[in-house]
Protein chains: 2
Amino acid sequence: MTDYRTLRVALLGAGAVGSQVADLLLKHRAELADRAGANLELAGIAVRNIDGKRDADLPRELFTTDAESLIVGSDIVIELMGGIEPARTQVLQAINSGADVVTANKALLATHGSEIFDAADQVGAEVYYEAAAAGAIPIIRPLRDSLAGDRVVRIMGIVNGTTNYILDRMDTEGADFADVLAQAQALGYAEADPTADVEGYDAAQKAAILASLAFHTTVPLDAVHREGITQIDAAMIESARHAGYVIKLLAVCERLAAADGEPSESISVRVYPALVERTHPLASVHGANNAVFVQAEAAGDLMFYGAGAGGVQTASAVLGDVVSAARRHIAGGVGVGESTRANLPTVPIGRVITRYQITLEVDDQPGVLATVAGILSEGRVSIATVEQTVIEPDADDPAAGGSARLVIGTHQAREQDLSETVERLAASGVVERVVSVLRVEGN
Amino acid sequence: MTDYRTLRVALLGAGAVGSQVADLLLKHRAELADRAGANLELAGIAVRNIDGKRDADLPRELFTTDAESLIVGSDIVIELMGGIEPARTQVLQAINSGADVVTANKALLATHGSEIFDAADQVGAEVYYEAAAAGAIPIIRPLRDSLAGDRVVRIMGIVNGTTNYILDRMDTEGADFADVLAQAQALGYAEADPTADVEGYDAAQKAAILASLAFHTTVPLDAVHREGITQIDAAMIESARHAGYVIKLLAVCERLAAADGEPSESISVRVYPALVERTHPLASVHGANNAVFVQAEAAGDLMFYGAGAGGVQTASAVLGDVVSAARRHIAGGVGVGESTRANLPTVPIGRVITRYQITLEVDDQPGVLATVAGILSEGRVSIATVEQTVIEPDADDPAAGGSARLVIGTHQAREQDLSETVERLAASGVVERVVSVLRVEGN
């Protein structure tokens, strides 16, 4: 038995992830000591209610409601409470009392990341957050360390398991959103209040964290454009399939070259459901899995795939961070964050350039396609493909006249040009209904 | 402009990777300084021939044939010569003169890794080798750091781009090995002497490195079981496809529970062509791409995907290591390698347990299947599926009698039982020919 130094570890929170972390810290004590070069002594677990129900069988004497006293004198503080307060206050207390911090709290980092990282820089502490970006998938170290000598150009991430589960089942079963959501809730894949997932808030927090790291800048959460998946229906999924696409909720982080008259590069960070070609590696990410597709100047295309959530899976990422923090304590030396962070401007969604698929219901009359094409051309939206299908007339109302469906694939277009053009199409008189407008990503 | 400390970087070798590393070090000087927190001054490039042809346009005054003098006084030494000597001697010289070492040399690490890591531990230096395991794919940091609090159970890697390119084209085109190899050589995907790739030597070196890291042990190269892909033909590919599989050259690293009467766990490290189900994430790794599929106790299934080779792609991994080494220099503190390394025994291939697909040509007579099934059962090989097809008689020799093809899928079996059983089948009198025996991986 090697004679290791002992490091004091404080755990804040004992929910799904926290109780697994405590359990693994106790169960794998000897192996973790060998990995870390130090004994990791779990000094206590701060919770709101000592008698709360836990996912693991943990010694009762470890629990306390006094987080502040537990933090004092700890070498490593693991924050797994979630939410902004008291997490923010206690993380800052830990940093200022000389501890390294490990957290899985994406909401906290996406909203108060700068304050926390600045506080850590002041005292030479480190903040580890592998579990905050894509659950169990190791993505922080690859972006911060492995790609530190490269330039990340673009990230496309499936970073929310609930929405990927829903969209995947809609795709495989042809089911509608509401039905699959209800199933997902029954199976525990979706919360009773699914807003954070299905409206893209969770993905937006992760997008802010990934973009900050990939582009060495600070991305405020309100700079992330966000759309959810509640408007996706079975017909849109089927139409996507027909055109060789699958619909995925993507977090897209993109580096944009400096435009005329602008001093620096800018970035775009956006979350929305998008069409992805079925041959793209992201298309084969099924169920509640996550994946982060990274394009870098030198390294080319990389993808990181795995479980995006789950108590024990996320606990793996947390413990990896704990071992890293312990190794740093043993090695000595000061914490080295990013030596500089750029303040790259984030462009509004209107300036984003991508491809689109526009689905319209139009009058089935001669000249309609020419009118539609003319409006697109005036709006600087260039057509790549058009498919027209006749819609069978309504049997109850045969006098209503024929309709046709137009599915238009565009070349790269500016979002603002595109949305103005779609408004003009809707008002043109020949378009009965704009069925859907979806971005195409992954070229 | 921040006032950074300057670190002296020596580069040994200016081949495909080395010249890209030098080019990027010079071109991205300011950005790398921001990432590293230090100016990375390329002090010189040691080569055998100063007038050799390079892939990048580099200042002639940087070149020298005197590696020993260049190493003296360097903070970071990048070894990209390849081969064992003089790489080994110069890496040890660098370590002993106080430098950190970055290397992409898999042959060196697979054969002299222990000597090099021990030398580094002695003086508190670090050896970085992200580019040695799977080219541009960040896999070292995830295994060493992100999963340090977890237990890796199994790795299945497509770690050789040349063989994946060949097998992928055989699969999509129905072409034969020799034809695709010739095409690959013409396109530069395979060397004039393809032995290191097609016989699995390159993959075996990477398997030794990955297994050492994943299981925190030392795996000597000669403990890696190795088979190449030269015996794979179009018929085997087609037969695999028919059964829902694709053939991939896999590096399999597996942790085996302690058997009766044995004190510790053991591991198996093996490289061979194997059948992978077409729905498995590894099946969608096409062309010269690489991927490493990792199963860990807590994190579950993870996959890391990207370019496995290429000068500029590999240079990205090398530069990430250079930035890490620089950050460590700036932070101070001593190097922390693994505090302990287990000496897990590697089991011989005969003790490996996996599933098999056995393809036989047999006499088309009543009772043959019963005989074959009896031999398998005696040999403790349990049958999962059997498919029998009649082979059309030879038109030139109609008197020769009918043959049938049996494709047998087994349950888990011990390799030694399996191979002895196949020998008994071959000698049984009812089997005309053992067409192929392939392992099935990925369950």
Side-chain angles (χ1 to χ4, degrees), chain A residues 2 4 20 24 28 31-38 130 136-138 140-142 145-151 216 281 284 289 291 296-307 310 312-313 315-324 327-328 330-336 338-340 342, chain B residues 2 4 20 24 28 31-38 130 136-138 140-142 145-151 216 281 284 289 291 296-307 310 312-313 315-324 327-328 330-336 338-340 342:
Chain A
T2 322
Y4 292 125
Q20 295 292 345
L24 293 171
H28 293 170
E31 234 173 318
L32 287 167
D34 283 348
R35 294 291 83 72
E130 184 64 86
I137 305 174
I140 302 291
R141 286 177 187 78
D145 299 330
S146 310
L147 290 167
D150 203 336
R151 280 169 61 87
H216 313 286
S284 57
N289 284 305
E297 266 183 21
D301 293 350
L302 301 169
M303 192 169 87
F304 305 82
Y305 165 95
V312 69
Q313 290 88 343
S316 168
V318 170
L319 283 173
D321 281 351
V322 172
V323 170
S324 288
R327 286 179 181 158
R328 196 181 84 82
I330 300 302
V334 298
V336 188
E338 295 272 343
S339 48
T340 64
Chain B
T2 323
Y4 293 125
Q20 295 292 345
L24 292 171
H28 293 170
E31 234 172 317
L32 287 167
D34 283 347
R35 296 290 83 72
E130 184 65 85
I137 304 175
I140 302 293
R141 286 176 187 80
D145 300 330
S146 311
L147 290 167
D150 203 336
R151 279 169 61 88
H216 312 288
S284 57
N289 285 305
E297 266 183 20
D301 293 351
L302 301 168
M303 192 169 88
F304 305 82
Y305 165 95
V312 70
Q313 290 89 342
S316 167
V318 170
L319 284 173
D321 281 351
V322 171
V323 169
S324 288
R327 286 178 181 159
R328 197 180 84 82
I330 300 302
V334 298
V336 187
E338 295 272 344
S339 48
T340 64

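The analysis underlying the following values was restricted to heavy atoms, covering all of them including side chains, and did not include hydrogens, waters or symmetry mates. Proteins come first, then strands; the chains are lettered A, B, ... in the order of their sequence lines, and each starts at number 1.
- Counting heavy-atom pairs closer than 4.5 Å to chain A, the top-ranked of the candidates G306(B), A136(B), S146(B) is S146(B).
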request  = Report the C-alpha separation of H28(B) and R151(A) in whole Å, then their side-chain angles, then the decisive distance to 0.1 Å, and conclude whether the side-chain contact (heavy atoms from CB on, under 4.5 Å) test is met.
outcome  = CA-CA 10 Å; H28(B) 293 170; R151(A) 280 169 61 87; 4.0 Å; yes
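- Under 3.5 Å, the side chains of Y305(A) and D301(B) contain no donor-acceptor pair of N or O atoms.
- Nearest heavy atoms, R327(A) versus R35(A): NE-O, 3.1 Å.
- Using a 4.5 Å cut-off between heavy atoms, V312(A) contacts chain B through both its backbone and its side chain.
- Considering all non-hydrogen atoms of both residues, S324(A) and R141(A) come closest at OG-NH2, 2.9 Å.
- Taking chain A as the reference chain and counting heavy-atom pairs below 4.5 Å, the highest number among V323(B), V318(B), D145(B) is found for D145(B).
- Between S316(A) and L147(B), the closest heavy-atom pair is OG-CD2, 3.7 Å.
- The greatest number of non-hydrogen atom pairs below 4.5 Å with chain B, out of L302(A), L319(A), D150(A), is found for L302(A).
- For E297(A), the part lying under 4.5 angstrom from a heavy atom of chain B is the side chain only.
- Chosen from A317(B), S284(B), G320(B), the residue pairing most often with chain A at heavy-atom distances under 4.5 Å is G320(B).
- Contact detail for I330(A) and A38(A): the closest heavy-atom pair is CD1-CB, 3.7 Å.
- No part of A315(B) comes within reach of chain A, as not one of its non-hydrogen atoms sits under 4.5 angstrom from that chain.
- For chain B, the option among G300(A), A148(A), P142(A) with the highest count of heavy-atom pairs below 4.5 Å is A148(A).
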